[in-house]
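Taking it in order: structure first as C-alpha coordinates, then the write-up.
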Amino acid sequence: MKNPRWLSQQVKAFSILAIAQVALLRPQLTHAGQGWPVYAHDSQHACLSSVASQKPQFIRWSTPVDRNPQYSGNDLSIHYGSPVITADNTVIVPVKTGATGGFRVEAHRGSDGVLLWSLHTDFSLPPHNGLWTPICGIALTPNDEAVAVPGAGGTVLLRSSPDAATNYQLTRLAFYGLSNYNQNPAAFRSAIQISTPIASDKDGNLYFGFVSNGQPLPGYPNGIRSGLARVAKNGQGKFTSAIAMSGDRLIQKVAYNCTPALSQDGTTLYVAVNRVAFEIRAFPSAYLCALDSTTLRRKASAPLIDPRSTADNPLAALAYDSASSTPTVGPDGDIYFGVLETDFTSNHNRGWLLHFDAQLTVTKLPSAFGWDDTASVVPLTAVPFYLGPSSYLLLTKYNNYVQAGGNGRNYIALVDPNVSMRDPITGVTVMKVVRKILGPTADPELGGVREWCINSAAIDSTNHCAVVNSEDGRVYRWRFDNNTLTPGLTLAPPTGEAYTPTVIGPDGAVYAINNAQLSSCGAFGGLALSSEE
(Lines give C-alpha, C1' and ligand atoms only; values in the text may rest on other atoms or scores of the structure.)
Protein backbone atom coordinates (compact mmCIF):
# COMPACT_ATOMS: atom_id res chain seq x y z
CA MET A 1 0.00 0.00 0.00
CA LYS A 2 1.20 3.52 -0.78
CA ASN A 3 2.66 5.63 2.03
CA PRO A 4 -0.20 7.71 3.55
CA ARG A 5 1.95 10.86 3.66
CA TRP A 6 2.84 10.52 -0.01
CA LEU A 7 -0.81 9.94 -0.83
CA SER A 8 -2.01 13.01 1.04
CA GLN A 9 0.45 15.16 -0.88
CA GLN A 10 -0.93 13.86 -4.16
CA VAL A 11 -4.53 14.44 -3.13
CA LYS A 12 -3.74 18.06 -2.22
CA ALA A 13 -2.70 18.61 -5.82
CA PHE A 14 -6.32 18.43 -6.88
CA SER A 15 -8.42 21.54 -6.79
CA ILE A 16 -11.05 22.25 -4.16
CA LEU A 17 -13.59 22.36 -6.96
CA ALA A 18 -12.77 18.83 -8.10
CA ILE A 19 -13.05 17.50 -4.56
CA ALA A 20 -16.40 19.22 -4.13
CA GLN A 21 -17.63 17.65 -7.36
CA VAL A 22 -16.61 14.21 -6.10
CA ALA A 23 -18.45 14.79 -2.84
CA LEU A 24 -21.60 15.53 -4.81
CA LEU A 25 -21.19 12.37 -6.85
CA ARG A 26 -20.61 9.93 -4.01
CA PRO A 27 -24.25 9.57 -2.87
CA GLN A 28 -25.09 8.34 -6.39
CA LEU A 29 -22.59 5.48 -6.13
CA THR A 30 -23.82 3.50 -3.14
CA HIS A 31 -27.54 2.86 -3.44
CA ALA A 32 -28.91 -0.69 -3.32
CA GLY A 33 -28.43 -3.01 -6.24
CA GLN A 34 -25.00 -1.75 -7.29
CA GLY A 35 -22.78 -4.39 -5.77
CA TRP A 36 -21.07 -7.33 -7.47
CA PRO A 37 -22.99 -10.34 -6.12
CA VAL A 38 -21.72 -13.29 -8.18
CA TYR A 39 -18.97 -14.34 -10.57
CA ALA A 40 -18.99 -12.04 -13.63
CA HIS A 41 -21.45 -9.73 -11.84
CA ASP A 42 -24.81 -11.35 -12.71
CA SER A 43 -26.58 -14.58 -13.54
CA GLN A 44 -25.90 -14.10 -17.27
CA HIS A 45 -22.17 -13.47 -16.67
CA ALA A 46 -22.32 -10.21 -18.62
CA CYS A 47 -19.64 -8.66 -16.36
CA LEU A 48 -21.29 -5.27 -16.83
CA SER A 49 -20.86 -2.90 -13.88
CA SER A 50 -23.81 -0.86 -12.68
CA VAL A 51 -21.52 2.02 -11.65
CA ALA A 52 -18.65 3.93 -13.21
CA SER A 53 -15.16 2.78 -12.35
CA GLN A 54 -12.39 4.84 -10.84
CA LYS A 55 -9.21 5.17 -12.84
CA PRO A 56 -6.69 2.85 -11.10
CA GLN A 57 -4.06 5.29 -9.83
CA PHE A 58 -3.14 4.00 -6.38
CA ILE A 59 -3.68 0.90 -4.24
CA ARG A 60 -6.23 1.73 -1.55
CA TRP A 61 -5.66 -1.58 0.24
CA SER A 62 -4.74 -5.17 -0.49
CA THR A 63 -5.08 -8.58 1.10
CA PRO A 64 -3.79 -12.08 0.32
CA VAL A 65 -6.15 -14.53 -1.34
CA ASP A 66 -3.66 -17.34 -0.74
CA ARG A 67 -1.88 -17.65 2.60
CA ASN A 68 0.32 -20.43 1.25
CA PRO A 69 0.84 -19.92 -2.51
CA GLN A 70 2.66 -22.68 -4.37
CA TYR A 71 4.84 -21.53 -7.26
CA SER A 72 6.19 -23.55 -10.15
CA GLY A 73 9.15 -21.39 -11.05
CA ASN A 74 7.48 -18.01 -11.41
CA ASP A 75 4.04 -19.46 -12.17
CA LEU A 76 0.91 -19.73 -10.03
CA SER A 77 -1.27 -22.54 -11.36
CA ILE A 78 -4.48 -21.72 -9.53
CA HIS A 79 -7.75 -19.98 -10.38
CA TYR A 80 -8.66 -17.84 -7.39
CA GLY A 81 -12.33 -17.31 -6.61
CA SER A 82 -13.88 -13.99 -7.54
CA PRO A 83 -14.53 -11.46 -4.80
CA VAL A 84 -18.18 -10.51 -4.36
CA ILE A 85 -19.26 -7.11 -3.06
CA THR A 86 -22.44 -6.06 -1.30
CA ALA A 87 -24.36 -2.91 -2.16
CA ASP A 88 -23.07 -1.46 1.14
CA ASN A 89 -19.50 -2.08 -0.03
CA THR A 90 -18.42 -5.12 1.93
CA VAL A 91 -15.84 -7.05 -0.10
CA ILE A 92 -16.01 -10.81 0.49
CA VAL A 93 -13.32 -13.09 -0.88
CA PRO A 94 -12.36 -16.76 -0.55
CA VAL A 95 -8.82 -17.31 0.77
CA LYS A 96 -6.74 -20.48 0.41
CA THR A 97 -5.01 -21.24 3.70
CA GLY A 98 -2.93 -24.36 3.05
CA ALA A 99 -0.47 -25.55 0.46
CA THR A 100 -2.93 -27.85 -1.33
CA GLY A 101 -6.29 -26.74 0.06
CA GLY A 102 -8.09 -25.40 3.09
CA PHE A 103 -10.21 -22.26 2.72
CA ARG A 104 -11.77 -19.46 4.67
CA VAL A 105 -13.91 -16.53 3.57
CA GLU A 106 -12.96 -13.01 4.62
CA ALA A 107 -15.13 -9.89 4.59
CA HIS A 108 -13.37 -6.52 4.33
CA ARG A 109 -14.73 -2.99 4.52
CA GLY A 110 -14.50 -1.71 0.97
CA SER A 111 -13.41 1.80 1.88
CA ASP A 112 -10.24 0.84 3.74
CA GLY A 113 -9.89 -2.95 3.78
CA VAL A 114 -10.51 -3.41 7.51
CA LEU A 115 -11.34 -7.06 8.22
CA LEU A 116 -14.95 -7.29 9.41
CA TRP A 117 -15.26 -11.05 9.80
CA SER A 118 -13.86 -14.36 8.63
CA LEU A 119 -15.43 -17.78 8.28
CA HIS A 120 -13.60 -21.07 8.01
CA THR A 121 -15.22 -23.56 5.65
CA ASP A 122 -14.77 -27.32 5.73
CA PHE A 123 -14.94 -27.39 1.92
CA SER A 124 -12.40 -29.69 0.31
CA LEU A 125 -11.25 -29.52 -3.29
CA PRO A 126 -12.52 -32.08 -5.79
CA PRO A 127 -10.01 -34.61 -7.15
CA HIS A 128 -7.68 -32.88 -9.62
CA ASN A 129 -4.37 -33.47 -11.32
CA GLY A 130 -2.32 -31.47 -8.83
CA LEU A 131 -1.01 -29.11 -11.50
CA TRP A 132 -3.99 -26.71 -11.41
CA THR A 133 -5.98 -25.92 -8.29
CA PRO A 134 -9.77 -25.59 -8.81
CA ILE A 135 -11.86 -22.66 -7.63
CA CYS A 136 -13.60 -22.16 -4.30
CA GLY A 137 -16.33 -19.84 -5.58
CA ILE A 138 -18.84 -17.94 -3.43
CA ALA A 139 -22.02 -15.96 -4.18
CA LEU A 140 -24.32 -13.43 -2.53
CA THR A 141 -28.04 -14.17 -2.43
CA PRO A 142 -30.53 -11.45 -3.54
CA ASN A 143 -30.63 -8.23 -1.51
CA ASP A 144 -27.40 -9.32 0.18
CA GLU A 145 -29.32 -11.53 2.60
CA ALA A 146 -26.50 -14.05 2.88
CA VAL A 147 -23.25 -15.23 1.36
CA ALA A 148 -23.20 -18.80 0.06
CA VAL A 149 -19.94 -20.69 0.63
CA PRO A 150 -19.00 -24.20 -0.57
CA GLY A 151 -18.92 -26.64 2.32
CA ALA A 152 -17.93 -30.25 2.93
CA GLY A 153 -19.76 -33.14 1.31
CA GLY A 154 -21.42 -30.99 -1.34
CA THR A 155 -23.12 -28.84 1.28
CA VAL A 156 -23.41 -25.06 1.26
CA LEU A 157 -22.80 -22.78 4.23
CA LEU A 158 -25.11 -19.75 4.32
CA ARG A 159 -23.75 -16.87 6.41
CA SER A 160 -26.50 -14.27 6.93
CA SER A 161 -25.98 -10.50 7.27
CA PRO A 162 -22.76 -10.31 5.20
CA ASP A 163 -22.27 -6.62 6.10
CA ALA A 164 -22.37 -7.36 9.85
CA ALA A 165 -19.43 -8.50 11.96
CA THR A 166 -21.78 -9.99 14.58
CA ASN A 167 -25.44 -11.02 14.98
CA TYR A 168 -25.51 -13.42 12.04
CA GLN A 169 -26.77 -16.95 11.48
CA LEU A 170 -24.81 -19.80 9.94
CA THR A 171 -26.86 -22.48 8.20
CA ARG A 172 -25.78 -25.62 6.37
CA LEU A 173 -27.78 -26.73 3.32
CA ALA A 174 -27.55 -30.12 1.61
CA PHE A 175 -29.08 -30.69 -1.82
CA TYR A 176 -29.66 -34.39 -0.96
CA GLY A 177 -31.21 -33.63 2.43
CA LEU A 178 -29.54 -32.34 5.57
CA SER A 179 -30.99 -35.20 7.61
CA ASN A 180 -29.12 -37.64 5.38
CA TYR A 181 -25.89 -35.68 5.82
CA ASN A 182 -26.28 -35.62 9.59
CA GLN A 183 -26.56 -39.41 9.73
CA ASN A 184 -22.99 -39.82 8.50
CA PRO A 185 -21.17 -36.56 7.64
CA ALA A 186 -17.86 -38.38 7.12
CA ALA A 187 -19.36 -40.56 4.38
CA PHE A 188 -20.71 -37.56 2.45
CA ARG A 189 -17.47 -35.63 2.92
CA SER A 190 -15.55 -38.53 1.44
CA ALA A 191 -17.97 -39.05 -1.44
CA ILE A 192 -19.00 -35.60 -2.72
CA GLN A 193 -17.21 -32.29 -3.44
CA ILE A 194 -18.47 -29.10 -5.05
CA SER A 195 -16.52 -28.53 -8.28
CA THR A 196 -17.76 -25.15 -9.59
CA PRO A 197 -18.40 -21.69 -8.16
CA ILE A 198 -21.92 -21.20 -6.79
CA ALA A 199 -24.54 -19.36 -8.85
CA SER A 200 -27.64 -17.67 -7.41
CA ASP A 201 -30.93 -16.75 -9.10
CA LYS A 202 -33.33 -13.91 -8.33
CA ASP A 203 -35.14 -16.00 -5.72
CA GLY A 204 -31.99 -17.10 -3.92
CA ASN A 205 -31.88 -20.63 -5.33
CA LEU A 206 -28.28 -21.83 -5.55
CA TYR A 207 -26.77 -23.91 -8.35
CA PHE A 208 -23.41 -25.68 -8.61
CA GLY A 209 -21.66 -28.69 -10.09
CA PHE A 210 -20.41 -31.51 -7.89
CA VAL A 211 -18.42 -34.72 -8.25
CA SER A 212 -19.18 -37.97 -6.45
CA ASN A 213 -17.37 -41.28 -6.18
CA GLY A 214 -20.71 -43.10 -6.25
CA GLN A 215 -20.32 -44.90 -2.93
CA PRO A 216 -23.44 -45.88 -0.92
CA LEU A 217 -24.69 -43.08 1.32
CA PRO A 218 -27.45 -42.62 3.92
CA GLY A 219 -30.68 -42.29 1.95
CA TYR A 220 -28.89 -43.28 -1.27
CA PRO A 221 -27.85 -46.93 -1.09
CA ASN A 222 -26.84 -46.82 -4.77
CA GLY A 223 -24.85 -43.64 -4.32
CA ILE A 224 -25.21 -40.30 -6.12
CA ARG A 225 -23.84 -39.72 -9.62
CA SER A 226 -21.77 -36.60 -10.35
CA GLY A 227 -23.82 -33.77 -11.78
CA LEU A 228 -25.52 -30.49 -10.93
CA ALA A 229 -27.39 -29.46 -7.78
CA ARG A 230 -30.05 -26.88 -6.96
CA VAL A 231 -30.80 -25.94 -3.36
CA ALA A 232 -33.23 -23.32 -2.07
CA LYS A 233 -32.56 -21.17 0.98
CA ASN A 234 -35.09 -23.28 2.93
CA GLY A 235 -32.91 -26.32 2.27
CA GLN A 236 -35.08 -27.99 -0.36
CA GLY A 237 -32.81 -29.53 -2.95
CA LYS A 238 -32.74 -31.24 -6.33
CA PHE A 239 -29.97 -32.75 -8.39
CA THR A 240 -29.40 -34.39 -11.73
CA SER A 241 -26.57 -36.42 -13.19
CA ALA A 242 -24.25 -35.31 -15.96
CA ILE A 243 -25.51 -38.29 -17.97
CA ALA A 244 -29.11 -37.05 -17.70
CA MET A 245 -28.03 -33.49 -18.51
CA SER A 246 -26.27 -34.49 -21.72
CA GLY A 247 -28.17 -37.57 -22.83
CA ASP A 248 -24.80 -39.31 -23.24
CA ARG A 249 -24.08 -42.24 -20.92
CA LEU A 250 -20.32 -41.71 -21.32
CA ILE A 251 -20.38 -38.18 -19.89
CA GLN A 252 -19.27 -38.07 -16.27
CA LYS A 253 -19.57 -34.66 -14.63
CA VAL A 254 -19.96 -30.90 -14.86
CA ALA A 255 -16.78 -29.27 -16.18
CA TYR A 256 -14.66 -28.02 -13.30
CA ASN A 257 -14.88 -24.28 -12.52
CA CYS A 258 -17.84 -23.79 -14.91
CA THR A 259 -20.21 -21.44 -13.07
CA PRO A 260 -23.81 -22.11 -14.20
CA ALA A 261 -25.51 -19.26 -16.07
CA LEU A 262 -29.19 -18.40 -16.32
CA SER A 263 -31.31 -17.13 -19.19
CA GLN A 264 -32.58 -13.57 -19.09
CA ASP A 265 -35.94 -14.73 -17.70
CA GLY A 266 -34.30 -17.16 -15.26
CA THR A 267 -36.13 -20.23 -16.54
CA THR A 268 -33.19 -21.95 -18.24
CA LEU A 269 -29.81 -22.86 -16.77
CA TYR A 270 -26.70 -23.39 -18.92
CA VAL A 271 -23.61 -25.36 -17.93
CA ALA A 272 -20.98 -27.57 -19.60
CA VAL A 273 -20.36 -31.26 -18.89
CA ASN A 274 -17.41 -33.46 -19.84
CA ARG A 275 -15.68 -36.74 -19.19
CA VAL A 276 -12.51 -37.04 -17.13
CA ALA A 277 -10.17 -34.14 -16.49
CA PHE A 278 -8.01 -34.49 -19.59
CA GLU A 279 -10.18 -36.44 -22.02
CA ILE A 280 -9.04 -35.45 -25.53
CA ARG A 281 -9.49 -38.39 -27.92
CA ALA A 282 -13.13 -39.46 -27.77
CA PHE A 283 -15.83 -37.65 -29.73
CA PRO A 284 -17.87 -35.93 -28.52
CA SER A 285 -15.96 -35.18 -25.33
CA ALA A 286 -18.22 -32.47 -23.85
CA TYR A 287 -21.60 -30.79 -24.14
CA LEU A 288 -23.18 -27.47 -23.33
CA CYS A 289 -26.47 -28.24 -21.59
CA ALA A 290 -29.70 -26.31 -21.12
CA LEU A 291 -31.81 -27.31 -18.12
CA ASP A 292 -35.12 -26.21 -16.67
CA SER A 293 -33.90 -24.10 -13.75
CA THR A 294 -36.68 -25.34 -11.43
CA THR A 295 -36.82 -29.06 -12.19
CA LEU A 296 -33.31 -29.51 -13.66
CA ARG A 297 -34.92 -31.43 -16.52
CA ARG A 298 -32.83 -31.44 -19.70
CA LYS A 299 -34.15 -29.05 -22.35
CA ALA A 300 -31.29 -29.48 -24.79
CA SER A 301 -27.64 -30.40 -25.07
CA ALA A 302 -25.18 -29.45 -27.79
CA PRO A 303 -21.89 -31.28 -28.38
CA LEU A 304 -18.92 -28.93 -28.18
CA ILE A 305 -17.32 -29.22 -31.59
CA ASP A 306 -14.22 -27.59 -33.04
CA PRO A 307 -15.38 -25.22 -35.82
CA ARG A 308 -13.00 -26.93 -38.26
CA SER A 309 -15.03 -30.14 -38.04
CA THR A 310 -16.54 -31.70 -41.14
CA ALA A 311 -18.92 -34.61 -41.59
CA ASP A 312 -15.97 -36.78 -42.53
CA ASN A 313 -13.67 -35.46 -39.82
CA PRO A 314 -15.55 -34.63 -36.59
CA LEU A 315 -13.34 -32.83 -34.09
CA ALA A 316 -14.19 -32.51 -30.42
CA ALA A 317 -13.59 -29.22 -28.67
CA LEU A 318 -12.53 -29.52 -25.06
CA ALA A 319 -14.24 -28.28 -21.92
CA TYR A 320 -10.94 -28.43 -20.10
CA ASP A 321 -10.91 -28.94 -16.34
CA SER A 322 -7.91 -26.66 -15.87
CA ALA A 323 -9.86 -23.80 -17.46
CA SER A 324 -12.40 -21.48 -15.86
CA SER A 325 -14.65 -20.83 -18.88
CA THR A 326 -18.31 -20.22 -18.08
CA PRO A 327 -21.30 -19.60 -20.35
CA THR A 328 -22.26 -16.01 -21.15
CA VAL A 329 -25.89 -15.24 -22.00
CA GLY A 330 -26.24 -12.31 -24.39
CA PRO A 331 -29.04 -9.72 -24.12
CA ASP A 332 -30.69 -11.43 -27.11
CA GLY A 333 -30.52 -14.84 -25.44
CA ASP A 334 -27.60 -16.21 -27.46
CA ILE A 335 -25.13 -18.37 -25.54
CA TYR A 336 -21.31 -18.15 -25.69
CA PHE A 337 -18.89 -20.67 -24.25
CA GLY A 338 -15.09 -20.90 -24.48
CA VAL A 339 -13.37 -24.18 -25.32
CA LEU A 340 -9.94 -25.48 -26.26
CA GLU A 341 -9.24 -26.77 -29.75
CA THR A 342 -8.79 -30.46 -30.51
CA ASP A 343 -5.09 -30.16 -31.25
CA PHE A 344 -3.55 -27.92 -28.60
CA THR A 345 -1.23 -26.12 -31.04
CA SER A 346 -3.30 -26.01 -34.22
CA ASN A 347 -4.94 -22.75 -33.19
CA HIS A 348 -1.99 -21.66 -31.01
CA ASN A 349 -3.87 -22.79 -27.88
CA ARG A 350 -6.36 -19.99 -28.42
CA GLY A 351 -9.37 -22.30 -28.42
CA TRP A 352 -12.72 -21.02 -29.69
CA LEU A 353 -15.64 -19.02 -28.36
CA LEU A 354 -18.56 -21.19 -29.47
CA HIS A 355 -21.88 -19.48 -30.14
CA PHE A 356 -25.40 -20.98 -29.94
CA ASP A 357 -28.99 -19.86 -29.95
CA ALA A 358 -30.92 -20.01 -26.66
CA GLN A 359 -32.25 -23.50 -27.40
CA LEU A 360 -28.75 -24.80 -28.29
CA THR A 361 -30.19 -26.03 -31.58
CA VAL A 362 -28.44 -23.59 -33.91
CA THR A 363 -24.67 -23.23 -34.07
CA LYS A 364 -23.73 -19.65 -34.91
CA LEU A 365 -20.57 -17.73 -35.73
CA PRO A 366 -17.63 -18.61 -33.42
CA SER A 367 -14.78 -16.37 -32.32
CA ALA A 368 -11.12 -17.28 -32.74
CA PHE A 369 -10.28 -17.12 -29.02
CA GLY A 370 -12.09 -18.86 -26.17
CA TRP A 371 -9.56 -20.70 -24.06
CA ASP A 372 -10.12 -20.18 -20.34
CA ASP A 373 -12.23 -17.09 -20.81
CA THR A 374 -15.75 -15.82 -20.08
CA ALA A 375 -16.90 -13.31 -22.68
CA SER A 376 -18.03 -9.91 -21.33
CA VAL A 377 -21.03 -8.12 -22.86
CA VAL A 378 -20.30 -4.61 -24.16
CA PRO A 379 -23.46 -2.54 -24.79
CA LEU A 380 -23.54 -0.21 -27.77
CA THR A 381 -23.66 2.77 -25.41
CA ALA A 382 -20.05 1.93 -24.54
CA VAL A 383 -18.96 1.80 -28.20
CA PRO A 384 -20.71 4.79 -29.84
CA PHE A 385 -18.13 4.79 -32.65
CA TYR A 386 -19.35 1.40 -33.89
CA LEU A 387 -22.02 1.43 -36.59
CA GLY A 388 -22.37 -2.31 -37.17
CA PRO A 389 -25.66 -4.25 -37.12
CA SER A 390 -25.38 -6.01 -33.75
CA SER A 391 -27.07 -4.80 -30.58
CA TYR A 392 -23.96 -5.50 -28.47
CA LEU A 393 -20.33 -6.56 -28.77
CA LEU A 394 -18.28 -9.04 -26.78
CA LEU A 395 -14.92 -8.55 -25.08
CA THR A 396 -12.50 -11.47 -24.81
CA LYS A 397 -8.83 -12.09 -24.51
CA TYR A 398 -7.20 -12.52 -27.91
CA ASN A 399 -3.81 -13.90 -26.93
CA ASN A 400 -1.62 -15.60 -29.54
CA TYR A 401 0.61 -17.85 -27.47
CA VAL A 402 4.21 -18.09 -28.61
CA GLN A 403 4.53 -21.34 -26.64
CA ALA A 404 2.06 -22.96 -29.08
CA GLY A 405 3.45 -21.56 -32.32
CA GLY A 406 1.96 -18.08 -32.14
CA ASN A 407 3.74 -14.76 -32.54
CA GLY A 408 3.37 -13.67 -28.92
CA ARG A 409 1.28 -10.65 -29.87
CA ASN A 410 -1.28 -10.92 -27.09
CA TYR A 411 -4.36 -8.70 -27.40
CA ILE A 412 -7.72 -8.11 -25.84
CA ALA A 413 -10.45 -7.56 -28.39
CA LEU A 414 -13.98 -6.40 -29.04
CA VAL A 415 -15.74 -8.73 -31.47
CA ASP A 416 -19.09 -8.54 -33.23
CA PRO A 417 -20.98 -11.80 -32.68
CA ASN A 418 -22.90 -11.47 -35.95
CA VAL A 419 -20.35 -10.08 -38.43
CA SER A 420 -17.73 -12.34 -39.93
CA MET A 421 -14.11 -12.22 -40.99
CA ARG A 422 -11.58 -14.83 -42.03
CA ASP A 423 -9.24 -15.84 -39.22
CA PRO A 424 -5.68 -15.40 -40.54
CA ILE A 425 -4.31 -18.32 -38.51
CA THR A 426 -6.82 -21.09 -39.27
CA GLY A 427 -8.80 -19.75 -42.22
CA VAL A 428 -12.04 -20.33 -40.28
CA THR A 429 -14.86 -17.80 -40.62
CA VAL A 430 -15.10 -16.15 -37.20
CA MET A 431 -16.52 -13.09 -35.44
CA LYS A 432 -15.13 -9.83 -36.74
CA VAL A 433 -12.61 -8.04 -34.54
CA VAL A 434 -13.92 -4.50 -34.14
CA ARG A 435 -11.08 -3.17 -32.01
CA LYS A 436 -8.12 -4.72 -30.21
CA ILE A 437 -5.19 -3.57 -28.15
CA LEU A 438 -1.81 -5.18 -27.65
CA GLY A 439 -0.36 -6.00 -24.27
CA PRO A 440 1.95 -3.09 -23.36
CA THR A 441 4.86 -4.98 -21.80
CA ALA A 442 7.52 -7.07 -23.53
CA ASP A 443 8.06 -10.65 -22.41
CA PRO A 444 11.86 -11.09 -22.31
CA GLU A 445 11.65 -14.83 -21.69
CA LEU A 446 9.18 -15.93 -24.37
CA GLY A 447 9.30 -13.03 -26.77
CA GLY A 448 6.30 -10.99 -27.82
CA VAL A 449 4.42 -9.29 -25.01
CA ARG A 450 3.14 -10.46 -21.66
CA GLU A 451 -0.35 -11.87 -21.93
CA TRP A 452 -3.57 -10.52 -20.50
CA CYS A 453 -4.46 -12.66 -17.48
CA ILE A 454 -8.21 -12.20 -17.10
CA ASN A 455 -11.05 -14.69 -17.31
CA SER A 456 -13.82 -12.10 -17.05
CA ALA A 457 -13.15 -8.40 -17.62
CA ALA A 458 -15.33 -5.84 -15.84
CA ILE A 459 -17.09 -3.48 -18.26
CA ASP A 460 -17.68 0.19 -17.39
CA SER A 461 -20.17 1.47 -19.97
CA THR A 462 -20.24 4.98 -18.45
CA ASN A 463 -16.57 5.55 -19.21
CA HIS A 464 -16.60 3.37 -22.36
CA CYS A 465 -13.90 1.11 -20.96
CA ALA A 466 -12.96 -2.25 -19.47
CA VAL A 467 -10.81 -3.06 -16.46
CA VAL A 468 -8.06 -5.43 -17.59
CA ASN A 469 -5.30 -7.25 -15.75
CA SER A 470 -1.92 -8.25 -17.18
CA GLU A 471 0.83 -10.71 -16.34
CA ASP A 472 3.11 -7.70 -16.15
CA GLY A 473 1.70 -7.20 -12.65
CA ARG A 474 -0.37 -4.14 -13.56
CA VAL A 475 -4.04 -3.30 -13.92
CA TYR A 476 -5.31 -0.95 -16.66
CA ARG A 477 -8.47 0.58 -18.05
CA TRP A 478 -8.88 0.07 -21.80
CA ARG A 479 -10.74 3.01 -23.31
CA PHE A 480 -12.74 1.82 -26.31
CA ASP A 481 -13.27 5.24 -27.94
CA ASN A 482 -9.61 6.06 -28.57
CA ASN A 483 -8.19 2.54 -28.12
CA THR A 484 -5.79 3.51 -25.34
CA LEU A 485 -4.76 2.13 -21.97
CA THR A 486 -4.46 4.16 -18.81
CA PRO A 487 -0.97 4.12 -17.29
CA GLY A 488 -0.69 0.73 -15.63
CA LEU A 489 -0.92 0.61 -11.85
CA THR A 490 1.66 -1.84 -10.52
CA LEU A 491 0.12 -4.38 -8.15
CA ALA A 492 2.88 -7.00 -8.05
CA PRO A 493 6.04 -8.11 -9.85
CA PRO A 494 5.44 -9.83 -13.20
CA THR A 495 4.19 -13.34 -12.41
CA GLY A 496 2.94 -16.24 -14.48
CA GLU A 497 -0.72 -16.07 -13.51
CA ALA A 498 -3.71 -18.29 -14.03
CA TYR A 499 -6.58 -16.17 -15.29
CA THR A 500 -8.57 -14.21 -12.70
CA PRO A 501 -11.52 -11.78 -12.84
CA THR A 502 -11.64 -8.02 -12.50
CA VAL A 503 -14.43 -6.44 -10.45
CA ILE A 504 -15.85 -2.94 -9.85
CA GLY A 505 -17.19 -2.00 -6.41
CA PRO A 506 -20.24 0.19 -5.65
CA ASP A 507 -17.94 3.19 -5.01
CA GLY A 508 -16.20 2.67 -8.36
CA ALA A 509 -13.10 1.03 -6.88
CA VAL A 510 -11.38 -1.46 -9.17
CA TYR A 511 -10.37 -4.92 -7.90
CA ALA A 512 -7.80 -7.24 -9.45
CA ILE A 513 -5.80 -10.27 -8.32
CA ASN A 514 -2.07 -10.43 -9.02
CA ASN A 515 0.50 -12.71 -7.41
CA ALA A 516 -2.02 -14.17 -4.92
CA GLN A 517 -3.04 -10.71 -3.70
CA LEU A 518 -6.38 -8.92 -4.11
CA SER A 519 -5.89 -5.17 -4.57
CA SER A 520 -8.48 -2.42 -4.26
CA CYS A 521 -7.51 0.41 -6.60
CA GLY A 522 -8.83 3.94 -6.82
CA ALA A 523 -8.35 7.37 -8.33
CA PHE A 524 -6.86 10.33 -6.52
CA GLY A 525 -9.82 12.12 -5.01
CA GLY A 526 -12.09 9.15 -5.71
CA LEU A 527 -13.16 10.58 -9.06
CA ALA A 528 -15.26 7.74 -10.45
CA LEU A 529 -17.15 9.52 -13.22
CA SER A 530 -14.16 10.75 -15.23
CA SER A 531 -15.12 11.28 -18.86
CA GLU A 532 -11.60 11.42 -20.28
CA GLU A 533 -8.43 9.48 -19.61
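In this text, all values refer to a predicted model and were calculated from it rather than measured experimentally.
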Would you call Ile198 and Pro150 a side-chain contact if the rule is heavy atoms closer than 4.5 Å?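 The answer is yes; the side chains approach within 4.5 Å.
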Testing the 3.5 Å rule here: is there a donor-acceptor pair between the side chains of [X] and [Y]?
{"X": "Tyr411", "Y": "Asn399", "answer": "no"}
{"X": "Asp265", "Y": "Thr267", "answer": "yes"}
{"X": "Lys299", "Y": "Thr268", "answer": "yes"}

Who pairs with [X] by salt bridge (Lys or Arg N to Asp or Glu O under 4.0 Å), at least two apart in sequence or on another chain?
{"X": "Lys233", "result": "Glu145"}
{"X": "Arg225", "result": "none"}
{"X": "Arg67", "result": "Glu106"}
{"X": "Asp332", "result": "none"}

Gap between atom CD1 of Ile454 and atom OG1 of Thr500 - 0.5 Å precision: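 Reported value, rounded in 0.5 Å steps: 8.5 Å.
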Indicate yes or no for a side-chain donor-acceptor contact from His355 to the backbone of Leu365 under 3.5 Å, with no hydrogens or angles considered. yes
Between Asp321 and Tyr256, is there a donor-acceptor pair closer than 3.5 Å when you use the side chain of the first and the backbone of the second?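 Yes.
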Verify the neighbour count for atom NZ of Lys364: are there more than 12 heavy atoms of other residues, nucleotides or ligands below 6.0 Å? yes
Passing option when Val91 is tested against Val84, Thr86, Ile85 for side chain to side chain contact (heavy atoms under 4.5 Å, CB included):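 Running side chain to side chain contact (heavy atoms under 4.5 Å, CB included) over Val84, Thr86, Ile85 with Val91 returns exactly one hit, Ile85.
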Pi-cation contact, Phe369 with Lys397 (under 6.0 Å, within 45°):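 No, a cation-pi geometry is absent between Lys397 and Phe369.
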Which pairs, with at least one residue in residues 344-356 and sequence neighbours excluded, count as a salt bridge (Lys or Arg N to Asp or Glu O under 4.0 Å)?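 Non-adjacent pairs meeting salt bridge (Lys or Arg N to Asp or Glu O under 4.0 Å): Arg350-Asp423.
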Run the side-chain donor-acceptor check on residues 189-196: report pairs under 3.5 Å with partners two or more places apart or on a different chain.
{"residue": "Arg189", "atom": "NE", "partner": "Tyr181", "partner atom": "OH", "Å": "2.9"}
{"residue": "Arg189", "atom": "NH2", "partner": "Asp122", "partner atom": "OD2", "Å": "3.2"}
{"residue": "Arg189", "atom": "NH2", "partner": "Tyr181", "partner atom": "OH", "Å": "3.0"}
{"residue": "Gln193", "atom": "NE2", "partner": "Arg189", "partner atom": "O", "Å": "3.3"}
{"residue": "Gln193", "atom": "NE2", "partner": "Ser190", "partner atom": "O", "Å": "3.4"}
{"residue": "Ser195", "atom": "OG", "partner": "Gly209", "partner atom": "O", "Å": "3.4"}
{"residue": "Thr196", "atom": "OG1", "partner": "Gly209", "partner atom": "N", "Å": "2.9"}

